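Notes follow the structure.
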Protein chains: 2
Amino acid sequence: MMTTTDEQTVTILDQGHVTSPKGFKAGGVHCGLRKTKLDFGWIHSDKPANAAGVYTLNSFKAAPLHVTKAAIDSNGKIQTIITNSAVANSCTGPEGEENAKLMQQLAAEKMHVNVQDVAVLSTGVIGVQLPMNEIKQGIQSMTHDENYGAERFEQAILTTDTVTKHTAVTCIIDGHKITIGGAAKGSGMIHPNMATMLAYMTTDANVGQKALQHVLSDVTNDTYNMITVDGDSSTNDTVLFLANGEQPNQELTPEHPEWPVFKEAVKTVAETLAKKIAQDGEGATKLVAVHVQNASSKPSARKVAKAVISSNLVKTAVYGADPNWGRIVCAVGYSEEPVDPNIVEVKLGPTTVVSDGLPVAFDESKSKEYLSNEQIDIYVNLNQGNENACAWGCDLTYQYVKINASYRT
Amino acid sequence: MMTTTDEQTVTILDQGHVTSPKGFKAGGVHCGLRKTKLDFGWIHSDKPANAAGVYTLNSFKAAPLHVTKAAIDSNGKIQTIITNSAVANSCTGPEGEENAKLMQQLAAEKMHVNVQDVAVLSTGVIGVQLPMNEIKQGIQSMTHDENYGAERFEQAILTTDTVTKHTAVTCIIDGHKITIGGAAKGSGMIHPNMATMLAYMTTDANVGQKALQHVLSDVTNDTYNMITVDGDSSTNDTVLFLANGEQPNQELTPEHPEWPVFKEAVKTVAETLAKKIAQDGEGATKLVAVHVQNASSKPSARKVAKAVISSNLVKTAVYGADPNWGRIVCAVGYSEEPVDPNIVEVKLGPTTVVSDGLPVAFDESKSKEYLSNEQIDIYVNLNQGNENACAWGCDLTYQYVKINASYRT
């Protein structure tokens with residue numbers, strides 16, 4: 001199981017999409033929920049696919065999550081995923097549940113699939129009922145095939161995102177090239193410790209349903225759950241992963257000799273999407289990665305990394321390109337992990353700024369220049385053990401405040 | 001112990017200061033750590049006072065905290081407190097410890113008090129050694145008496161604060177009027193779950209040292225530990241409470257029949273200072289209070305209140321006067337407390353916006369008007385038990401980002 005994976009066995013496609021794996025189609029339309037932007041999208045597999053999901057831990061789970069979870073729990077299969085933006089169908093009570101179920105049923109009829117094989121996701125404002133006439137129009141627009149449908153799907157799921165987020169990789173399993181694709185949306189209410197935001201992953205590999213859930217849960221902990229934009233975990237966060245078995249590889253399970261290759265490929269897709277979400281965080285100008293090294297345990301490494309990436313003071317310092325490492329050390333200190341301050345090392349990119357818990361003289365202007373890059377790496381070496389973790393986030397800017405002080409008005 | 005206190009027995013003074021209790025003096029000078037503002041202050045008791053302290057839980061505790069804690073632990077007494085702003089003496093290693101001890105020693109000599117009766121606090125930038133020449137000048141300026149010294153002290157301890165924070169109350173114990181005074185500084189790196197920021201409380205009441213620590217720890221949980229500005233807990237947070245026994249009341253302990261009155265008076269001072277800190281949070285334009293009602297336990301009530309008050313999305317919505325209650329509900333949901341979404345009620349000031357977990361029709365323009373006030377009350381009724389808690393914070397504004405993107409430059 002702990003076989004070292006040669007990362008070069010995973011190839012990242014130039015133009016990877018959720019439809020890159022064989023047998024997946026996607027599409028998106030404008031049905032009237034938003035003024036002019038696409039607002040209704042779907043992913044469709046030629047045949048029912050093994051399905052896995054991870055969902056928000058928020059107590060206020062939105063109606064579509066219940067419907068989707070019940071669908072996957074019933075037979076482990078999903079063939080069609082539908083998603084609307086603009087309205088989250090969250091805090092909408094029995095009417096919201098009914099609407100989510102109706103969406104599922106109408107989509108099943110339109111696409112000629114089993115009702116229990118339809119997943120429903122929504123994103124947008126909380127506490128507003130879905131305008132069902134528009135939703136119905138969206139469902140009636142669904143087709144089994146579409147040119148460039150993936151790009152339209154990726155646009156239809158966005159809210160305050162500024163760019164679409166998609167990727168795909170290939171790897172060889174049993175001599176067959178299998179493909180894993182993905183698409184996601186951010187960009188507010190994004191915080192670790194949850195199955196964050198909406199993300200969709202697809203593969204044409206033959207993967208057992210339990211193995212699919214296993215790899216998704218596992219990989220989510222190191223990818224989607226390690227990003228934060230604003231510390232707020234949404235009521236609608238969901239990651240779905242469909243495997244339709246179009247490729248003739250032997251069924252992938254953790255016992256398969258090439259499982260580590262598959263897992264690495266899945267992780268590559270998840271990490272790529274997670275970083276794209278962090279990079280496109282509301283108002284963000286920079287992607288920040290916090291690498292915690294040599295922690296005494298994996299959970300400890302994750303917790304320290306999340307404390308630093310979540311700190312508003314670190315985020316504003318990065319925005320201002322201020323090498324104010326004191327704020328990093330401070331966040332490490334309040335992470336509630338048993339850190340020994342006297343042996344901690346901190347680096348801003350290539351530059352050591354703290355060693356043995358004490359400041360090291362460094363060229364401030366060079367570090368300021370480094371912090372002006374669009375990608376910033378912060379290294380925190382705890383020197384306590386040999387577990388590592390990485391968390392991704394973004395800077396906190398005027399634009400974040402602007403976007404969120406006037407989201408609905 | 002659970003005696004109901006008549007709050008009218010606690011009288012808030014019009015011009016209350018840390019020197020309002022009998023036998024306390026204070027002062028502040030400019031010693032050269034900051035450009036022109038006062039940067040060195042002291043509080044002095046005519047005789048050694050029983051002392052209690054609560055300190056940051058941050059692993060990176062600043063040097064002065066070790067010195068102050070050791071001083072109080074040695075004999076439970078403090079007679080003189082000195083504080084500098086501008087430099088926090090945090091992450092400064094053995095040199096920092098030596099400097100903090102030297103400050104203690106020099107102040108003891110200057111004020112003719114026992115070395116172990118001097119408390120030392122610092123606030124400002126992390127990772128810079130104290131300019132000891134300037135500090136020594138500050139210590140040499142100390143006097144036993146000063147006109148309007150309290151105001152100068154309250155100015156000398158500020159960093160990014162825009163106003164001084166002070167208060168005092170009186171109550172009657174054993175027929176004697178006793179006074180409790182306080183002063184504090186904020187205004188960044190402020191977050192609950194810690195003995196937050198620097199706060200100083202004094203009283204002329206006769207209070208046992210153990211009882212003093214008991215009431216301080218207890219009251220801190222409901223006041224200083226319930227505020228947040230930015231979610232960052234400093235390396236220097238400290239609250240000190242001195243009781244010099246100038247009043248001839250019987251020694252106050254939890255068994256004293258008027259202990260609840262005293263505790264209520266202490267809480268009034270602590271809560272007043274805590275709210276002043278939240279209100280003067282970096283960039284803040286509004287004081288926000290989140291009242292969580294009818295939780296199943298006190299810790300649960302506190303945790304939910306803190307989740308809501310800490311949410312960047314709630315804070316920006318308040319800034320934009322946007323009655324976006326979905327963000328409040330969302331924060332309640334991710335608080336990790338076992339909340340039942342179907343029975344939650346939310347009010348924005350006088351207006352119910354969520355009932356039984358579902359939106360209630362309300363006049364948005366009136367709520368927008370309400371949210372334009374300088375003080376906002378948010379009520380979250382969990383309907384699960386009968387424990388309440390209140391957390392205080394502020395809105396998140398452009399100005400916060402501006403202050404923190406360029407703190408040092």
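Bear in mind the structure is a predicted one, so any value in this text is a computation, not a measurement.
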Other residues, nucleotides, ligands: >12 heavy atoms within 6.0 Å of A:E369 CD | no
Those residues that, when tested against B:K366, pass side chain to side chain donor-acceptor pair (under 3.5 Å) (two or more places apart) = none
Approximate separation, where rounding is to 0.5 Å, of B:Y398 OH and A:Q399 CD | 7.5 Å
Contacts of A:S296 meeting side-chain contact (heavy atoms from CB on, under 4.5 Å) (sequence neighbours excluded), chain-then-number -> A:S300, A:Q384
Below 4.5 Å from any heavy atom of chain A, which atoms of B:E95 appear? Answer side chain, backbone, both or neither.
-> neither
Flag the one option from B:S335, B:P359, B:G93, B:P341 with the top tally of heavy-atom pairs under 4.5 Å to chain A.
-> B:P341
Over all atoms of both residues, closest heavy-atom pair of A:W325 and B:G127 | CH2-CA, 3.3 Å
Taking all non-hydrogen atoms of both residues, which atom of A:P94 and which atom of B:L358 are closest, and how far apart?
-> CD-CD1, 4.4 Å
Minimum heavy-atom separation for B:C91 to A:G357, with atom names?
-> CB-O, 4.0 Å
Chain A contact via B:V318 - side chain, backbone, both or neither, heavy atoms under 4.5 Å = neither
From B:E282 CD over to A:N312 CG, what is the distance, rounded to the nearest 0.5 angstrom?
-> 10.5 Å
Portion of A:V353 that has a non-hydrogen atom of chain B nearer than 4.5 angstrom = neither
Do you know which two heavy atoms are closest between A:C330 and B:I126, and how far apart they sit?
-> CB-CD1, 4.1 Å
Side chains of B:V401 and A:Y400 in contact at under 4.5 Å (non-hydrogen atoms) = no
